[in-house]
A.B. asks: 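Let me give you the structure first, and then I'll get to my questions.
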Amino acid sequence: MRVGLDLLEIDRLEQALERRPGLADRLFTDGERAYASGKARPAQHLAARFCAKEAVAKALRLEAWSWQDIEVTGQDEGIGITLHGVLAERAADVQISLTHSRGMAGAVALIA
């Protein structure tokens, strides 16, 4: 079993997204962006998904990967991870937990 953990200040991501308009398209899938866009503070939810991607990459011990290849799927009732591209071949059982407060977002990934 392997574990990955990541934390991020939400303001930091919000500022980066404002400075670089194409950044959200590079970091997040269409589904992730659509989910966040329906929320009062989209960056809060995108930050949690950013952390999830980082946590999964750490748990899988990835050195190089595409942000689009790790996707947070589902919504509040059941969050999951879908691996795309070359990562899909790993067929890993990935468990994920996301959290956020007003200022911080975080995620923990477990790989069985």
A.B. asks: State the CD-CG distance between Q68 and D25, to the nearest 0.5 angstrom.
C.D. replies: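 Here the interatomic distance stands at 8.0 Å.
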A.B. asks: Could you check whether any side-chain heavy atom of R49 comes within less than 4.5 Å of a side-chain heavy atom of W67, counting everything from C-beta outward?
C.D. replies: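 No, every pair of side-chain atoms sits at 4.5 Å or beyond.
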A.B. asks: Around atom CZ of R20, are there more than 12 heavy atoms of other residues, nucleotides or ligands at under 6.0 Å?
C.D. replies: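 Open.
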A.B. asks: Do L110 and L87 land in one hydrophobic cluster if side-chain heavy atoms of ILVMFWY residues count as linked below 4.5 Å?
C.D. replies: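 The answer is no; the residues belong to distinct hydrophobic clusters.
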A.B. asks: Which distance, rounded to the nearest 0.5 Å, do you find between the CD1 of I111 and the CG of L60?
C.D. replies: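 Atom-to-atom, I111:CD1 and L60:CG are 4.0 Å apart.
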A.B. asks: Please name the pair of heavy atoms, one in L5 and one in K58, separated by the smallest distance, quoted to 0.1 Å.
C.D. replies: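 Minimum heavy-atom contact is O-NZ, 3.0 Å.
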A.B. asks: Which atom pair, heavy atoms only, marks the closest approach of A105 to Q44?
C.D. replies: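 Smallest heavy-atom distance, with atoms named: CB-O, 4.4 Å.
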A.B. asks: Is it true that D6 and K53 make a salt bridge, defined as a side-chain N closer than 4.0 Å to a carboxylate O?
C.D. replies: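 The answer is no: the pair does not qualify as a salt bridge.
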A.B. asks: Quick check: closest heavy atoms across G4 and A59, and the distance to 0.1 Å?
C.D. replies: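 Scanning both residues, the minimum pair turns out to be N-CB, 3.6 Å.
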A.B. asks: Under 3.5 Å, side chain of Q15 to main-chain N/O of R12, donor-acceptor pair present?
C.D. replies: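 No.
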A.B. asks: To the nearest 0.5 Å, what is the distance between CD1 on I81 and CG on D93?
C.D. replies: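 Between atom CD1 of I81 and atom CG of D93 there are 11.5 Å.
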A.B. asks: Same hydrophobic cluster for V56 and L98, using side-chain heavy-atom links shorter than 4.5 Å among ILVMFWY?
C.D. replies: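 Yes, because V56 and L98 connect within a single hydrophobic cluster, where side-chain heavy atoms sit under 4.5 Å apart.
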A.B. asks: Would you name the heavy atoms of A107 and I96 that are closest together and state the gap between them?
C.D. replies: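 The answer is CB-CD1, 4.3 Å.
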A.B. asks: Residues in salt bridge (charged side-chain N to carboxylate O under 4.0 Å, His left out) with E14, at least two apart?
C.D. replies: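 Here the qualifying residues are R41.
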A.B. asks: For a side chain to side chain contact (heavy atoms under 4.5 Å, CB included) with L46, tell me which candidate from L23, V72, L13, L8 qualifies.
C.D. replies: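 Filter result, single survivor: L13.
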A.B. asks: Can you give me the closest heavy-atom contact between F50 and F28, atom names plus distance?
C.D. replies: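 So the two residues come closest at N-CE2, 3.7 Å.
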A.B. asks: Are the side chain of E71 and the backbone N or O of H84 linked by a donor-acceptor pair below 3.5 Å?
C.D. replies: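 Checked: no pair found.
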A.B. asks: Should we say atom CZ of R33 is surrounded by more than 12 heavy atoms from elsewhere, each under 6.0 Å from it?
C.D. replies: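 Enclosed.
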A.B. asks: Can you hop from I79 to V108 via hydrophobic side chains spaced under 4.5 Å?
C.D. replies: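 Cluster IDs for I79 and V108 differ.
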A.B. asks: State, to 0.1 Å, how close L62 and I70 come at their nearest heavy-atom pair, and which atoms those are.
C.D. replies: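 So the two residues come closest at CD1-CD1, 4.3 Å.
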A.B. asks: Are I10 and M104 co-members of a hydrophobic cluster defined by side-chain heavy atoms under 4.5 Å apart?
C.D. replies: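 Per the 4.5 Å side-chain linkage, M104 and I10 are not co-clustered.
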